[in-house]
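Just so it is clear, the model here is predicted, and its values are computed rather than measured. These values consider heavy atoms only, across backbone and side chains, with no hydrogens, waters or symmetry-generated copies.
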Amino acid sequence: MSESFLPFSKPTIDEATIAAVGEVLRSGWITSGPKVQAFEVQLSDYFGGRLVRTFNSGTCTMEIALRLAGIGPGDEVITTPISWVATANVILEVGATPVFADIDPVTRNIDLDKLEAAITPRTKAVIPVFLAGLPVDMDRLYAIADKHKLRVVEDAAQALGSSWKGRRIGAFGDLVSFSFQANKNITTSEGGCLVVNTPEEAKLAEKIRLQGVTRSGFDGIDVDVLGGKFNMTDVAAAIGLGQFAHIDAVTTKRRALAKHYFDCFGTDFEEQFGAQLPVADFENSNWHMYQLVLPETITRADFMEKMMAKNIGIGYHYPPIHLFSLYRERGFKEGMFPVAERVGKRIVSLPMFFAMENRDVERAVEAVKSVLQK
Ligand SMILES: *Cc1c(COP(=O)(O)O)cnc(C)c1O
């Protein structure tokens, strides 16, 4: 009787991509090779010719970005509490100190006034996150970074296809990190890429992703920096190439679905139900997610359970990072970032993926309204 389960996210892999992966598997070369190179060339074209290197996750991509920027022990890095924990973990991973600044209640991104207020003489970098694909005010961000001589590592994991005033995210700025994890707008199953500024940064990124090795001639080899095992495979890159062919269609479709969400919720939804819709940005956002902040009248767990009973999957992105045990141990506690704490407790992600139809949006909105009623 009830319609089939509607997940909150689902990848779409076309037959050509599946065939391309089969070809890689049959080719005898399945780790980093020609497909990775071709994918990096495509990405570079997309980002206006800037240099791009790929890795095996968006997380290691950000860690490598911090290393390229020379961030380490004694340095402070400012970020948002509302992100996937990876964003702060990479700061700890390089031995630096994470500093949080509260979010803007409307955009749910880091509040740039609070970011600026959190800068100290030890601050070396900032990691803004573009939650759900909505960028921060990029002019203001880079004005602050210039003024205080800070490096910027953009956590653009969710922002492939987003833009700022007509310029693509990734096509300008400092170090820009993307993820190709399965739920992202474009996937390689797992993976990431970094846009860098100079051939020297690209070279160092290549070294760090493969044990710090430099090869020369037939058997020349040296290791002069500490690297790890962060390279993307050709299997993953073949998926990425197949996915990337649809990037514009993906962004267009997501914008249309988001538009339909707003139309279905209607202009009186917020007032009637006490919930908060996202910023209706059809210029800059790639609509990686469509997120609601729930009213005080229902817990998120209760909401999720009731939506599940209606066969609709709900995600939550994200609980505040500073309240995880690992961060509490470092002195963070409740009350420090009140906006993030309120939003982090009440934010939910509604179904949003390429293969969705308008009818699915209508089902999701009907279900939200009926669960929030009473
Ligand atoms: C997905 C994501 C990451 C991590 O990317 P992985 O590829 O899963 O390592 C980091 N930050 C944000 C905001 C993300 O959405």
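Side-chain contact, Gln291 with Ser349: a donor N or O sits under 3.5 Å from an acceptor N or O.
Side-chain heavy atoms closer than 4.5 Å link hydrophobic residues (I, L, V, M, F, W, Y) into clusters, and following such links, possibly through other members, connects Phe130 to Val152. Follow the hydrophobic side-chain contacts under 4.5 Å out from Val36 and you never reach Ile30; the two are in separate clusters.
More than 12 heavy-atom neighbours from other residues, nucleotides or ligands sit within 6.0 angstrom of CD on Gln211. In Gln272, the CD atom is crowded: over 12 heavy atoms of neighbouring residues, nucleotides or ligands sit closer than 6.0 Å.
Considering only residues two or more places apart in sequence or on other chains, Ile247 meets the side chain to side chain contact (heavy atoms under 4.5 Å, CB included) condition with Tyr46, Leu160, Ile186, Phe244, Thr251. With sequence neighbours left out, His322 forms a ring pair (Phe, Tyr, Trp, His ring centres under 6.0 Å) with Phe337. Take Glu334 and apply the side chain to side chain contact (heavy atoms under 4.5 Å, CB included) test, not counting sequence neighbours, and it matches Leu323, Arg328, Glu341. Scanning for side chain to side chain contact (heavy atoms under 4.5 Å, CB included) contacts around Asp263 gives Lys259, with sequence neighbours left out. Applying the side chain to side chain contact (heavy atoms under 4.5 Å, CB included) criterion to Thr87, with sequence neighbours excluded, gives Met62, Thr79, Ser83, Ile127, Val129, Asp155.
For residues 170-182, the salt bridge (charged side-chain N to carboxylate O under 4.0 Å, His left out) pairs, not counting sequence neighbours, are Arg151-Asp174.
Among all heavy-atom pairs drawn from Leu134 and Ser285, the shortest one is N-OG, 3.9 Å.
Contact of the Leu372 side chain with the Val368 side chain is registered, since non-hydrogen atoms from C-beta on lie closer than 4.5 Å.
Checked for salt-bridge contact, Glu116 and Lys147 meet the test: a charged N lies under 4.0 Å from a carboxylate O.
Figure legend: cation-pi geometry between Arg209 and Phe230 absent, as NZ or CZ is not positioned both under 6.0 Å from the six-membered ring centre and within 45° of its axis.
Separation of atoms OG1 (Thr214) and CG (Asp222) is listed at 6.5 Å; rounding is to 0.5 Å.
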